[in-house]
Amino acid sequence: MILIKVERDSVCMGDDVNAPHEYSFSLAEDSSLLEVFVHLEKKRYLAGVAGKNHSWDAIINKKQVAHFKGNSQKPEPNKFLNKPISKYSKSGQLNLGFIYNSANT
């Protein structure tokens with residue numbers, strides 16, 4: 001099993017009240033990165049935001065591994081999603097961060 005530690009940016013001052021937005025869970029070593037995002041989707045982990053053209057970037061080891069448009073809890077398709085999480089983990093742990101990209105005004 002690999003421990004997955006997740007943290008996301010706040011989207012507004014009201015969201016800061018609950019910061020840091022940390023969540024942890026475990027999955028089998030051979031689980032795919034997509035399975036991590038499916039788990040987070042079920043938890044509705046990413047904050048919903050009013051408006052258009054905002055997005056989230058999922059980061060592991062300073063590398064973007066997924067992009068989420070708007071309020072979608074599903075990542076845009078890419079080459080990283082089917083890779084096993086063991087490829088990204090260190091010492092049985094995977095640290096995943098979400099960076100919020102606000103819409104241009």
Side-chain angles (χ1 to χ4, degrees):
M1 296 297 278
I2 293 179
L3 175 64
I4 299 152
K5 290 189 166 191
V6 186
E7 188 171 335
R8 70 164 175 82
D9 286 347
S10 293
V11 296
C12 65
M13 283 179 43
D15 194 33
D16 286 342
V17 172
N18 298 318
H21 303 282
E22 299 173 327
Y23 176 65
S24 297
F25 62 101
S26 295
L27 288 176
E29 288 182 16
D30 61 347
S31 298
S32 69
L33 190 55
L34 181 59
E35 289 175 87
V36 171
F37 297 131
V38 167
H39 177 89
L40 294 171
E41 177 185 8
K42 290 177 184 174
K43 296 290 185 182
R44 304 284 306 158
Y45 179 72
L46 295 177
V49 179
K52 300 178 185 176
N53 300 320
H54 56 277
S55 64
W56 293 93
D57 290 323
I59 309 294
I60 298 175
N61 300 326
K62 299 181 182 179
K63 183 175 185 171
Q64 180 182 332
V65 295
H67 182 76
F68 298 73
K69 290 184 179 178
N71 289 325
S72 178
Q73 298 282 320
K74 296 179 192 245
E76 296 290 303
N78 71 52
K79 64 183 179 183
F80 302 109
L81 297 178
N82 291 322
K83 297 196 187 260
I85 59 174
S86 59
K87 176 180 175 25
Y88 302 103
S89 66
K90 291 181 182 174
S91 302
Q93 181 173 310
L94 183 146
N95 296 316
L96 172 63
F98 283 93
I99 296 174
Y100 175 64
N101 306 299
S102 63
N104 294 333
T105 56

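In this text, all values refer to a predicted model and were calculated from it rather than measured experimentally. The basis for the numbers below is simple: all heavy atoms, side chains too, and nothing from hydrogens, waters or symmetry mates.
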What distance separates [X] [atom1] from [Y] [atom2], expressed to the nearest 0.5 Å?
X	Y	atom1	atom2	result
E29	M1	CD	CE	9.5 Å
F98	F68	CZ	CZ	4.5 Å
L27	S86	CG	OG	11.5 Å

Same cluster (ILVMFWY, side-chain, under 4.5 Å), I99 and L46: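 No: no chain of side-chain contacts under 4.5 Å links I99 to L46.
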Modelled atom types, side-chain donor and acceptor of S55 and N101, under 3.5 Å: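 Present: a donor and an acceptor within the cut-off.
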Pair Q93-N95, side-chain donor/acceptor within less than 3.5 Å: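 Yes, N95 and Q93 have a side-chain donor paired with an acceptor closer than 3.5 Å.
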Main-chain N/O of G92 paired to S89 side chain as donor or acceptor, under 3.5 Å: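 Looks like no, no N/O pair under 3.5 Å.
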With a 4.5 Å cut-off on side-chain heavy atoms, are [Y] and [X] touching?
X	Y	value
K83	L33	no
Y45	H21	yes
W56	H67	no
K42	F37	no

Test: E41 and K74 ion pair at under 4.0 Å: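 The answer is yes: the pair qualifies as a salt bridge.
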Verdict with supporting geometry, I85 and D30, side chain to side chain contact (heavy atoms under 4.5 Å, CB included): CA-CA 7 Å; I85 59 174; D30 61 347; over 6 Å; no
